[in-house]
Student: 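Mind looking over this structure? Questions follow.
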Amino acid sequence: MGTSRRPGRRPGHDPACRGRGSGAAGLAAGLAAGLAAGLAAGLAAGILRAMRLSHLFFTTLRDDPADAEMPSHRLLVRAGYVRQLGAGIYSLLPLGFRVNKRVEQVIREELNAIGGQEMEMPVVHPADLWRETGRYDAIGPEMARFKDRADRDMVLAMTHEEVVADLLRDIVKSYRQLPMIVYHFQTKFRDEPRSRGGLIRVREFVMKDSYTCDRDEAGLDAAYWAHHRAYTRIFERLGLKAIPVSSDVGMMGGSLAHEFMVLNPAGEDELVICEACGYAANRQVAPTTVPAPAAEDLLPVGEVETPDTTTIDALATFLGVPTSRTAKAAFFVTGDGRFVVAIVRGDFDVNETKLVNAIKAVGGLRPAQVEEIRERGMEAGYGSPIGARDAVVVVDELAARSPNLVAGANRPGFHLRNVNVPRDYTPDMTADIANVREGDPCPNCGGPVILRNGIEVGNIFKLGTKYTKALGAEYLGEDGERHPIVMGSYGIGLGRNVACIVEAHHDDKGIAWPAEVAPYPAHLVTLGGSREPTVIETAETLYGAAAAAGPAREILYDDRDESPGVKLTDAELLGMPWILTVSPRSLAAGGVEVTNRATGERSVRSIDDVTAFLEGRAATPA
RNA sequence: CGGGGCGUGGCGCAACGGUGGCGCACGUGCUUUGGGAGCACGAGGUUGUGGGUUCGAAUCCCACCGCCCCGACCA
């Protein structure tokens, strides 16, 4: 173990530290045993200094790192838990590593409780496996690809459905082997176009991913909801207020999905939430249930000159009509080259996820170019489907039921009044493709919804048979027939959860870990030890008692020769649940000053009381 | 990939055409010890890289690399 207090290098400065995958998952199970062995060796050597701050591989920073904005990022760097190596790539220092392991252990316990079997699958995969399911071509540059020395195409794993399905086709023969749940903690690499927010969105990270394997839909349903319940318990234990929201199944395919979301202004997802009834959904899938306006007589179409009105606001202002009396046209091109015109009412925006799903757009959507629009007989800024050629026309349900709208004339500077569907143009499809707005009616109870940002801390997917069919993972049923295995897939990103825990558990002084995930249960501080030897003796005794009680009871011991201010502020920054202060003052008062980091409550407890806590005989020292 | 910002000791910053400094951190010694102590001495920098302009470049110009923020993107 390194004994330098000084990391002493810039990111990327030391080749020896470069490009390491975590390789951490395999250490998970062995951690406790390893620590125990290390402890024994330490005892034998009479050293026991690994948890002494004087030798801990870390450093605290007085100033916030300039590139950190979120509290979790700032504090985890300042307190010496993590260091950045590159964009979206972080090292976990010993303290951060321990927090990750605590989070991992919570997840492990809850997954084992629903019958999960822990295993480990590789980070490097042959590309051919991904070709079999079609994802080698379907997934873009976010998947890292390379060739091995024999010129074989390889990929870095973004996820492990392919490997699980590949194992299933080898191993599972009979319905008697199902159902089954496997999971692992493993490094994923996703070359995101943009990492951000410290540990919130990174490119390399450890994820817990589990996979359920069932005979049929009913089995999948049971496995899915078992995960739902396990996740609820996991996030509760982690100290996170995670709410399950309905979500898009996206590229994963499948029939049902939930994301567990923690509300945070920096979150990348928008959530539609009803505070009245508890309804919650990702905005990508939340249905629009705004009632259609009253029916009107359909008025004749009339062209009107509308100079410089390329935006809905300008148009509505110019004509003196509410935006809800206008039709907004948005132009897209699908990944496989189809041109799409999407019409929503002027007071709404197009929801691209809904649009993609409605038209089953292959390869997603991109905005169309002005020339492409013109080639189809339309005009950006003054567009409508009237006169459109070679275009898929999709109209939002609400827009279709709103009479006499102002729409583009496909001529610069002109619009058409009283456009009506289907009288004036024929859509290829009518679907809900509009974004829910704040204050719109809740799909469940009708009350007004609010919009909030959220960070996705976990997700659950009903995959169905997409991967098992592609790879031929079948079992022989009771009926003597072959059936594809029915899969589900479930993820939790560890680092992101750690960051979210800090987001939820910190104050202006630093981190305040929930006991369940704290790297150590307590932080022992000595003050005035150089002039009062009993201070050191007492602290050493307490530290020894904790160390002797086993790996789970190890505590941090600040044995540094620092001023009281440094030690106490560091203790608050690091955030162990209990700060134990031994000083001439505390000894005179009868023992050890015990501070609850989260609440700030202090009291003086006897050496015996504190020892009972350190040895695990009491739940708290206070 | 678009827009913006920034690269100077470990961290935070200054110097903006004329021999690179400050605070914190670090080392040694002394003093100090319940809220980021004091004094003294000291170590540490090819100013991201490459090219150009200039008598002279951290500073001006070009290119590249890297990082951050907004957007696009995103199981």
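Below, read A as the first sequence line, B as the second, and so on, with proteins coming before strands; counting in each chain starts at 1. Note that these values count all heavy atoms, side chains included, but never hydrogens, waters or copies made by symmetry.
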Student: Is there a donor-acceptor contact under 3.5 Å from the side chain of A/Lys208 to the main chain of A/Gly493?
Tutor: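 Looks like no, no N/O pair under 3.5 Å.
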Student: Do the side-chain N and O atoms of A/Tyr467 and A/Arg135 include a donor-acceptor pair separated by under 3.5 angstrom?
Tutor: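 The answer is yes; a qualifying pair exists.
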Student: Is any side-chain N or O of A/Gln84 closer than 4.0 Å to OP1 or OP2 of B/C68?
Tutor: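 For B/C68, OP1/OP2 do have a side-chain N/O of A/Gln84 under 4.0 Å.
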Student: Is the ring pair A/Phe235/A/Tyr231 parallel, tilted or perpendicular, if the boundaries are 30 and 60 degrees?
Tutor: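 Perpendicular.
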Student: Could you identify the nucleotide paired to B/C39, looking across every strand shown and requiring Watson-Crick or G-U wobble geometry with both distances under 3.5 Å?
Tutor: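 Its partner is B/G29 (Watson-Crick or G-U wobble, both distances under 3.5 Å).
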Student: Respond yes when some side-chain nitrogen or oxygen of A/Arg74 is under 4.0 Å from OP1 or OP2 of B/C68, and no when none is.
Tutor: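 Negative; the distance criterion is not met.
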Student: Have a look at A/Ser586 and say if it touches a base, only the backbone sugar-phosphate, or nothing, with a 4.0 Å heavy-atom cut-off.
Tutor: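 Since a base atom lies under 4.0 Å of A/Ser586, the category is base.
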Student: Look at the side chain of A/Pro193 and decide which nucleotide, out of B/C67, B/C11, B/C73, has an atom nearest to it.
Tutor: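 Looking only at heavy atoms from C-beta outward on A/Pro193, the closest nucleotide is B/C73.
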Student: Atom NZ of A/Lys567 and atom P of B/U32: how far apart are they, to the nearest Å?
Tutor: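 Those two atoms, NZ and P, are 17 Å apart.
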Student: Can you measure A/Glu162 atom CD to B/A75 atom C1' for me and round it to whole angstrom units?
Tutor: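 Taking CD of A/Glu162 and C1' of B/A75, I get 11 Å after rounding.
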Student: Please classify the nucleic acid contact of A/Asn459 as base, sugar-phosphate, or nothing, using heavy-atom distances under 4.0 Å.
Tutor: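 It contacts base atoms.
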Student: Using a cut-off of 4.0 Å on non-hydrogen atoms, how would the nucleic acid contact of A/Met207 be classed: base, sugar-phosphate, or nothing?
Tutor: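 Base, at least one base atom sits under 4.0 Å.
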Student: Give a yes or no answer on whether the side chain of A/Lys328 reaches the backbone of A/Phe348 with a donor-acceptor pair at less than 3.5 Å.
Tutor: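 Checking the backbone N and O of A/Phe348 against the side chain of A/Lys328, a donor-acceptor pair under 3.5 Å is found.
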Student: Nearest whole Å is fine: how far is B/A75 P from A/Arg135 CZ?
Tutor: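 Computing the A/Arg135:CZ to B/A75:P distance gives 10 Å.
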Student: Does B/A63 have a Watson-Crick or wobble mate here (both distances under 3.5 Å), and if so which one?
Tutor: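 Pairing partner: B/U49.
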Student: The side chain of A/Glu268 lies closest to which of these nucleotides: B/G34, B/C11, B/C73?
Tutor: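 In terms of side-chain proximity for A/Glu268, the closest of B/G34, B/C11, B/C73 is B/C73.
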Student: Can you figure out which of B/A75, B/C26, B/C70 approaches the side chain of A/Arg196 most closely?
Tutor: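 Minimum distance to the A/Arg196 side chain belongs to B/C70.
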Student: Between C1' on B/G12 and CZ on A/Arg62, what's the gap in Å once rounded to a whole number?
Tutor: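 Going from A/Arg62 (CZ) to B/G12 (C1'), I get 11 Å.
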Student: Measure the distance from CZ on A/Arg194 to P on B/G3 and round it to the nearest whole Å.
Tutor: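 That distance rounds to 15 Å.
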Student: I want to check one thing: is the phosphate of B/G36, taken as OP1 and OP2, less than 4.0 Å away from some side-chain N or O of A/Thr569?
Tutor: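 So the side chain of A/Thr569 is outside the cut-off, no N or O lying under 4.0 Å from OP1 or OP2 of B/G36.
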Student: We want to know whether A/Thr334 and A/Asp336 form a side-chain donor-acceptor pair, criterion being a heavy-atom distance below 3.5 angstrom.
Tutor: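 Checked: A/Thr334/A/Asp336 side chains pair up, N/O donor to acceptor below 3.5 Å.
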Student: Expressed as a whole number of angstroms, how long is the span from A/Leu256:CG to B/A75:P?
Tutor: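 So the CG-P distance, A/Leu256 to B/A75, works out to 18 Å.
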Student: Measure NE2/A/His258 against P/B/A75 and give the value in whole Å, please.
Tutor: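 Between P of B/A75 and NE2 of A/His258: 19 Å.
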Student: Rounded to the nearest Å, what distance is computed from the NE2 atom of residue A/His73 to the C1' atom of nucleotide B/C68?
Tutor: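 To the nearest whole Å, that distance equals 10 Å.
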Student: Tell me what A/Gly458 touches on the nucleic acid: a base, only sugar-phosphate, or nothing, going by heavy atoms under 4.0 Å.
Tutor: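 Result for A/Gly458 = nothing.
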Student: Within the structure shown, what part of the strands sits under 4.0 Å from A/Glu69 by heavy-atom distance: base, sugar-phosphate, or nothing?
Tutor: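 Contact class for A/Glu69: sugar-phosphate only.
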